[in-house]
Amino acid sequence: MNQNTSYGIRRLVLDVMKPHRPSIVEVALKLSKVDGVNGVNCILNEVDQETESLKVVIEGPNIDFDEVQETLESLGAVIHSIDVAVAGKKIVEDVETPQDR
Amino acid sequence: MNQNTSYGIRRLVLDVMKPHRPSIVEVALKLSKVDGVNGVNCILNEVDQETESLKVVIEGPNIDFDEVQETLESLGAVIHSIDVAVAGKKIVEDVETPQDR
Amino acid sequence: MNQNTSYGIRRLVLDVMKPHRPSIVEVALKLSKVDGVNGVNCILNEVDQETESLKVVIEGPNIDFDEVQETLESLGAVIHSIDVAVAGKKIVEDVETPQDR
Amino acid sequence: MNQNTSYGIRRLVLDVMKPHRPSIVEVALKLSKVDGVNGVNCILNEVDQETESLKVVIEGPNIDFDEVQETLESLGAVIHSIDVAVAGKKIVEDVETPQDR
Amino acid sequence: MNQNTSYGIRRLVLDVMKPHRPSIVEVALKLSKVDGVNGVNCILNEVDQETESLKVVIEGPNIDFDEVQETLESLGAVIHSIDVAVAGKKIVEDVETPQDR
Amino acid sequence: MNQNTSYGIRRLVLDVMKPHRPSIVEVALKLSKVDGVNGVNCILNEVDQETESLKVVIEGPNIDFDEVQETLESLGAVIHSIDVAVAGKKIVEDVETPQDR
Amino acid sequence: MNQNTSYGIRRLVLDVMKPHRPSIVEVALKLSKVDGVNGVNCILNEVDQETESLKVVIEGPNIDFDEVQETLESLGAVIHSIDVAVAGKKIVEDVETPQDR
């Protein structure tokens, strides 16, 4: 199916909590190999004694969300919340409105 | 009709309240399959005990707003308000004015 | 006349007050069919018990302002003020100056 | 003379005070027909009982400033100040410096 | 010499004080005719009883700074400070660093 | 392997502490020669009596993180934290969400 | 060597202190003639009785840092700190992270 006409999840932004090991580098690499993913951006938000919270931005033509969850679980990580989900034939960006100000 | 000369709703920004299930991922996927929609961006604004409020940005050449409403209803979600509606042959962006400052 | 050399109103930003019905979607669609209009962006600013105030951005090669006013009147809406008017052979954007800061 | 090599006034930003009539739409249209003007952006800054103050951005290859002044006078409007004047073979934009912060 | 390989002053930002006459429009026009200048942006910063302070941005392949100074003197204007000087084969923009914040 | 289809670490942002010698210039040059690196941006964050803290942004098609660590160690520098790790077939940028505000 | 594949210092941001003479214009011109430099942006940060502090941004394919230091010394100027050093086959820009906010 042409990547530009298929329906699928195009972007996810997750709030993820993980132990200190494995490192943020390994999490990014592992997630980048999930089916339908082009790239992953892992951003360190907070560090506590035992855990770290990451903001994870994932983009691709048809992200396999189940495989994302399994991959994170295999790394000992937990999804706190799904902050953004973008789906369809193209990525639609957020648009500022008076309600945001 | 050539998508660039047809009149239609080109972008909607909705304030939507939904139960925790189905997830924001499913809402984005379901809405992305509505007639005349190219893509959907669901952004988590607030989480309460029973419900979540989402900002939903929908773009396409000729969005079928009735089908959007039906789809959301089928997911147990409610439109709190329509914050932005863009129509015509092309998407016109907001323009900052002194009144906004 | 070539759209790029004709003089005309190219953009209007209006502060509009309307009743709750018809919806912002219908206002955008109706205005998008006015002569000389390419697109319309209706942004919800405030909601009161009886009325809503919208910021309406209209763009096109040669906007028929009279028809804009008639269309709004037919929808029960009133123009509070014309915040921006852009005219000429091309759209000239605002430019920040020390006086704005 | 090739518009790109001629010297001339390329942009003016004026602080203009005008009576409520004629409207900002008419001011924009009239100014857009001045010699050497490509486009005009009239922005409503303040409204008082008798008058309105506008920020007027004018762009073109070789703006006839005298004709701008005559046109505004014919509309009953007064130039309070010339906030920006750009001249030469091309438009040079402002550049932020530590002194601006 | 090819404008892109010659060394020269490419941009100057000056803090200039001038009397009310001649106007900012004349200053911009006169400076735009200096050797090696493509364009000039004169921005009104402050107005006092006798004088006005301008921010003057000048760009070109090889600005003749001496002639800029002479031109300003001929207009009764004084350079308070040279806030930015850019030289070389191309314009290098400022880059924000932690020290600026 | 085509650089655009290979999986690898595409960007790292590190918080690095180093002694005053060697200089930030040498650190940037040395890191830029690591396998799979296109470029390195070293930004001075803080200076103390004995040490300096740098923000180091590294980009390339397939950054060898082990070699980055070895190179930093050889320069007497220590990685305080890995703030960002981007992996996959392309660089995915951060996306602002309500949670960031 | 092809400028795009050679390793070298691509950008430096320096905090420089200099006497009032020579002027910022002469500093920019002199630095722009250093080997491997395409352009120089000198920005006036502070002025004291005897000295001025400049932010100096230098870009080029392979900046000769020793010659930069010699040139500044010849002008009576001193490097207070090297705030940014960018090296490699291309310029890598800074990337905002939560740690910067």
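The sequence lines fix the lettering, A, B, ..., with proteins before strands; numbering per chain opens at 1.
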Between Leu29(F), Val40(F), Val57(F), which residue shows the highest count of heavy-atom pairs closer than 4.5 Å to chain G?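 The answer is Val40(F).
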
Most heavy-atom pairs under 4.5 angstrom with chain G, which of Cys42(F), Ala28(F), Ser23(F)?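 Option with the top pair count is Cys42(F).
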
For Ile58(F) and Val92(G): C-alpha separation, side-chain torsions, deciding distance, then whether side-chain contact (heavy atoms from CB on, under 4.5 Å) applies. CA-CA 7 Å; Ile58(F) 305 174; Val92(G) 166; over 6 Å; no

Taking atom CG of Asp100(F) and atom CD of Glu96(G), what is their separation to the nearest 0.5 Å? 9.0 Å

What option among Asp94(G), Ile91(G), Ile9(G) has the most heavy-atom pairs under 4.5 Å with chain F?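 The option with the most such pairs is Asp94(G).
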
Quick check: do Gln99(G) and Asp15(F) have side-chain heavy atoms less than 4.5 Å from each other?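 They are not in contact (no side-chain heavy atoms under 4.5 Å apart), so the answer is no.
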
For Leu12(G), is it the side chain, the backbone, both or neither that has a heavy atom under 4.5 Å from a heavy atom of chain F?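 Only the side chain of Leu12(G) comes within 4.5 Å of chain F.
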
Inter-chain contacts: residues 67-85 of chain G against chain F, heavy atoms under 4.5 Å: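 Answer by number: Ser81(G), Ile82(G), Asp83(G), Val84(G), Ala85(G).
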
Part of Val13(F) within contact of chain G (heavy atom distance under 4.5 Å):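 Looking at Val13(F), just its side chain touches chain G.
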
Per-residue contact mode, Lys55(F) against chain G (heavy atom under 4.5 angstrom):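 The side chain, not the backbone.
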
One pair to check against side-chain contact (heavy atoms from CB on, under 4.5 Å): Glu59(F) and Glu93(G). What are the steps and the verdict? CA-CA 9 Å; Glu59(F) 286 187 10; Glu93(G) 297 295 346; over 6 Å; no

